[in-house]
Asker: 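Below you will find the structure I want to go over with you.
Nothing fancy with the numbering, it's 1 onward along the sequence.
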Amino acid sequence: MWKLGLPLAVVAIAGVVAGTSLAARSAASPIKVAIMTDCKGAFGGAFEVDTGGALAAFAQYAGGKPNDPKKPSAGITGAAVAGHPIKIVGYGCGNDTVPLAISETKRLMEQLGADIMIGPLSGDEAVTVAHYAVSHPKKTFVIGTAGSQDPTLQIHPKNLFRYHGDGAQWNAGIGEIAYKRLHWRKAAIIMDDYSFGWTSAAGMIADFCGIGGQIVKRVFPPLNTTDYSSFIQQLPPPSKVDGYFWVVGGTGTGASLKAFTQAYGKLKASQFIGNLFFAFLGNFSEVAPQLVGSYVGGFGTAPGLQTPAAKHYEGIVAKWYPGLNGGNYADGFVYNYFNAAWALIRGLKAVGGDLSQGQKLLQSHMPRTNASGYQVSSGGLVHLDSRNQAIQDQYPLQIVKTGGKLGVSLVGFVPNVDQTFGGLFKTTSPPPSEKQPPCVKHKFPWTGKIRVIKNGHITNQVIK
């Protein structure tokens, strides 16, 4: 019996050792993450900015340490969740076009073996990534800062999440400001001819037409246009309209405004309202001197908001990447990538880093709320809707000059803007395009209720 028992004991011990070893390997298995953004094209200047936003969250909430606080793409070390090391397998280098976006996504997810991708940056990129997500349900995708409507409203794969608004949401309230404060009744709009340009313009059109305004002309220069003169000639002259909504982004913002001045002379601030690109991604220094007093659609962020949550968020980024984006941590290119990474970390912690079952466990435990720095409504929580899309507070802005220094000032607070824009956009509706949305009167939940912000504090007054 003793001779028989010895081999069985050895086998039992060997089994325990093997099981322990397997468990140890499982516990230590890395979570492979890719960060997809642009390093070329119209938005190439956002590469380090986006990367820094995401890695600041990994540093703060997953124990990582930047290898170079002045160069986020140098990576981090030491980040982990539940004993699983976070491994950034690669950084996507897009140029805002679909062919490069899909080839970079395949490189990151298939060649480098990423489990999860944070990104992309731009609208058409996000549309193609959403379709890629549909055919790759065992991977998880968290959009970086892309604002096209299609990925979550029309395509909405279950394994794709967006913790910020889309381009239409960001412009909530700006049309009402044009109508009430600037007394616009007839306006023209120029927009980049791709999915984000259409979505961003859709928010302005819907908001302005909803309160009674008219869009008399729509002009569509292709993204990455360098000579805008022929497109400016398609716009009505300043004497024929009350104003212009300007939805030309990236490297095209300054170039398109320059073409306008060459055709019609000095810009009149009261005739121009821009989308986020009047104030963000490096355009401000070129745009602001020409357009002091112009209003700007938001970015889901609130530069100068005086709340503990806003200061806390800005302090986190400053701690890990001091001076990132010139110290403008309220830029949505920083903020949205930060929130995407933070939400992902929370999802990973909820499942103990378990990526088994084709990531179904992770995807079902991705947070439905996020305590974002510039969310005030709903106890400071951004909520996801049934299509994994954020419902988010929005903040129209104005270019100002105070004490000889140019800046942006918060002018309005629009709470809890959802992607349907108060029911105007539907899952069955076609995504925004050159013809969509039509100019129709529509009452939004915020109509007549946009609260005034003064000195960074939300008041009880409404915009009149």
Asker: Rounded to the nearest 0.5 Å, what separation is found between the CG atom of N283 and the CG atom of L276?
Answerer: 9.0 Å
Asker: Under the ring pair (Phe, Tyr, Trp, His ring centres under 6.0 Å) criterion, do Y395 and F299 qualify, and how do the steps go?
Answerer: CA-CA 7 Å; Y395 300 88; F299 204 176; over 10 Å; no
Asker: Answer yes or no: is there a donor N or O on one side and an acceptor on the other, between the side chain of Q149 and the main chain of P431, under 3.5 Å?
Answerer: no
Asker: Heavy-atom distance under 4.5 Å between the side chains of F280 and L397, does that happen here?
Answerer: yes
Asker: Quick check: Y374 with Y335 (ring centres under 6.0 Å apart)?
Answerer: yes
Asker: If you take the centroid of each ring, where Trp contributes its six-membered ring, are F141 and F161 closer together than 6.0 Å?
Answerer: no
Asker: Should S356 and D354 be marked as a side-chain hydrogen bond (donor to acceptor under 3.5 Å, both in side chains) after you check the CA-CA gap, both sets of side-chain angles, and the distance that decides it?
Answerer: CA-CA 6 Å; S356 62; D354 186 353; 2.5 Å; yes
Asker: Pairs in or reaching into residues 52-78: which pass ring-ring contact (aromatic ring centres under 6.0 Å, His included), with residues at least two apart or in two chains?
Answerer: Y61-W342
Asker: Return yes if some donor-acceptor pair links the side-chain N/O of N224 with the main-chain N/O of A42 below 3.5 Å, else return no.
Answerer: yes
Asker: Within the side chain of D418, is there an N or O that forms a donor-acceptor pair under 3.5 Å with the backbone of G422?
Answerer: yes
Asker: Side chains of I273 and I174: does their closest heavy-atom pair fall under 4.5 Å?
Answerer: yes
Asker: Quick check: closest heavy atoms across P415 and S377, and the distance to 0.1 Å?
Answerer: CB-OG, 3.1 Å
Asker: Run the numbers on F277 and W246 for ring pair (Phe, Tyr, Trp, His ring centres under 6.0 Å), then give the verdict.
Answerer: CA-CA 9 Å; F277 289 109; W246 216 263; over 10 Å; no
Asker: Decide yes or no on side-chain hydrogen bond (donor to acceptor under 3.5 Å, both in side chains) for Q60 and W320, but give the supporting numbers first.
Answerer: CA-CA 8 Å; Q60 182 71 17; W320 298 109; 2.9 Å; yes
Asker: side-chain hydrogen bond (donor to acceptor under 3.5 Å, both in side chains) for D124 and S195? Distances and angles first, verdict last.
Answerer: CA-CA 6 Å; D124 284 0; S195 57; 2.5 Å; yes
Asker: Check this for me: K87, atom NZ, are more than 12 non-hydrogen atoms of other residues, nucleotides or ligands nearer than 6.0 Å?
Answerer: no
Asker: What distance separates Q234 CD from I232 CD1, expressed to the nearest 0.5 Å?
Answerer: 9.0 Å
Asker: Is there a side-chain contact between L344 and M366 (heavy atoms, below 4.5 Å)?
Answerer: yes
Asker: Hey, what do you get for NE2 (H156) to OG (S386), rounding to the nearest 0.5 Å?
Answerer: 8.0 Å
Asker: Hey, does K426 have a side-chain heavy atom less than 4.5 Å from the side chain of L153?
Answerer: no
Asker: Do S122 and D96 get their side chains close enough for a donor-acceptor pair, meaning under 3.5 Å?
Answerer: no
Asker: Would you find a donor on one side and an acceptor on the other, under 3.5 Å apart, between the side chain of H136 and the backbone of Y132?
Answerer: yes
Asker: Taking the ring of F338 and the ring of F333, is the distance between their centroids below 6.0 Å?
Answerer: no
Asker: State, with a plain yes or no, whether a side-chain heavy atom of Y321 is found less than 4.5 Å away from one of P66.
Answerer: yes
Asker: Checking S229 side chain against A259 main chain: does a donor-acceptor pair fall under 3.5 Å?
Answerer: no
Asker: Hey, does I155 have a side-chain heavy atom less than 4.5 Å from the side chain of V127?
Answerer: yes
Asker: Please tell me whether D192 and W198 have a donor and an acceptor in their side chains that are separated by less than 3.5 angstrom.
Answerer: no
Asker: What are the two closest heavy atoms between T145 and N336, and how far apart are they?
Answerer: OG1-ND2, 2.7 Å
Asker: Scan for ring-ring contact (aromatic ring centres under 6.0 Å, His included) pairs involving residues 344-370, sequence neighbours excluded, and state none if there are none.
Answerer: none
Asker: Distance check, rounded to the nearest 0.5 Å: I116 atom CD1 versus N159 atom CG?
Answerer: 11.5 Å
Asker: Just by distance, do the side chain of Q306 and the backbone of H457 share a donor-acceptor pair under 3.5 Å?
Answerer: no
Asker: Are the aromatic rings of F421 and W446 close, with centres under 6.0 Å apart?
Answerer: yes
Asker: Does a salt bridge link D385 with R387, judged by any charged N lying under 4.0 Å from a carboxylate O?
Answerer: yes
Asker: Apply the side chain to side chain contact (heavy atoms under 4.5 Å, CB included) test between H164 and each candidate in Q389, Q392, Q169; give the one that qualifies.
Answerer: Q392
Asker: Just checking, is any N or O donor in the side chain of S378 or N416 under 3.5 Å from an acceptor N or O on the other one?
Answerer: yes
Asker: Could you report the tightest heavy-atom contact between A168 and F425, atom names first, then the distance?
Answerer: CB-CE1, 4.1 Å
Asker: Set out, in order, the CA-CA distance, both residues' side-chain angles and the distance that settles side-chain contact (heavy atoms from CB on, under 4.5 Å) for I205 and R218, then state yes or no.
Answerer: CA-CA 10 Å; I205 292 168; R218 307 180 189 203; 3.7 Å; yes
Asker: Tell me whether Q290 contacts the main-chain N or O of E286 through its side chain, where contact means a donor paired with an acceptor under 3.5 Å.
Answerer: yes
Asker: If every non-hydrogen atom of T128 is compared with every non-hydrogen atom of A101, which pair is closest and at what distance?
Answerer: CG2-CB, 4.0 Å
Asker: May I ask you to test the V33-D115 pair for a side-chain heavy-atom distance under 4.5 Å?
Answerer: no
Asker: Check each of V414, V296, N275 against N171 using the side chain to side chain contact (heavy atoms under 4.5 Å, CB included) test, and report the only one that passes.
Answerer: N275
Asker: Given side chains that start at C-beta, do those of L384 and I391 come closer than 4.5 Å, heavy atoms only?
Answerer: no
Asker: Q363 side chain to K139 main-chain N or O, any donor-acceptor pair under 3.5 Å?
Answerer: yes
Asker: Please determine whether side-chain hydrogen bond (donor to acceptor under 3.5 Å, both in side chains) holds for the pair Q357 and Q359, giving the CA-CA distance in whole Å, both sets of side-chain angles, and the decisive distance to 0.1 Å.
Answerer: CA-CA 5 Å; Q357 304 176 45; Q359 297 194 35; over 6 Å; no
Asker: Applying ring-ring contact (aromatic ring centres under 6.0 Å, His included) between F208 and each of F245, Y244, Y295, report the one that passes.
Answerer: F245
Asker: Test salt bridge (Lys or Arg N to Asp or Glu O under 4.0 Å) on R107 and E104 and set out the steps.
Answerer: CA-CA 5 Å; R107 178 180 70 87; E104 280 292 273; 2.8 Å; yes
Asker: Answer yes or no: is there a donor N or O on one side and an acceptor on the other, between the side chain of Y163 and the main chain of T369, under 3.5 Å?
Answerer: no
Asker: Using only atom types and a distance under 3.5 Å, with no angle test, would you say the side chain of N388 pairs donor to acceptor with the backbone of L160?
Answerer: yes
Asker: Could you give the distance from CD1 (I458) to CG (D393), rounded to the nearest 0.5 Å?
Answerer: 7.0 Å
Asker: Using side-chain contact (heavy atoms from CB on, under 4.5 Å), reason through H131 and V129 one step at a time and then give a plain yes or no.
Answerer: CA-CA 5 Å; H131 285 298; V129 166; over 6 Å; no
Asker: Of all the heavy-atom pairs spanning V142 and A340, show the shortest one and how long it is.
Answerer: CG1-CB, 3.6 Å
Asker: Rounded to the nearest 0.5 Å, what separation is found between the OG atom of S73 and the CG atom of D50?
Answerer: 11.5 Å
Asker: Between V382 and A390, what is the shortest heavy-atom contact and its length?
Answerer: CG1-CB, 3.5 Å
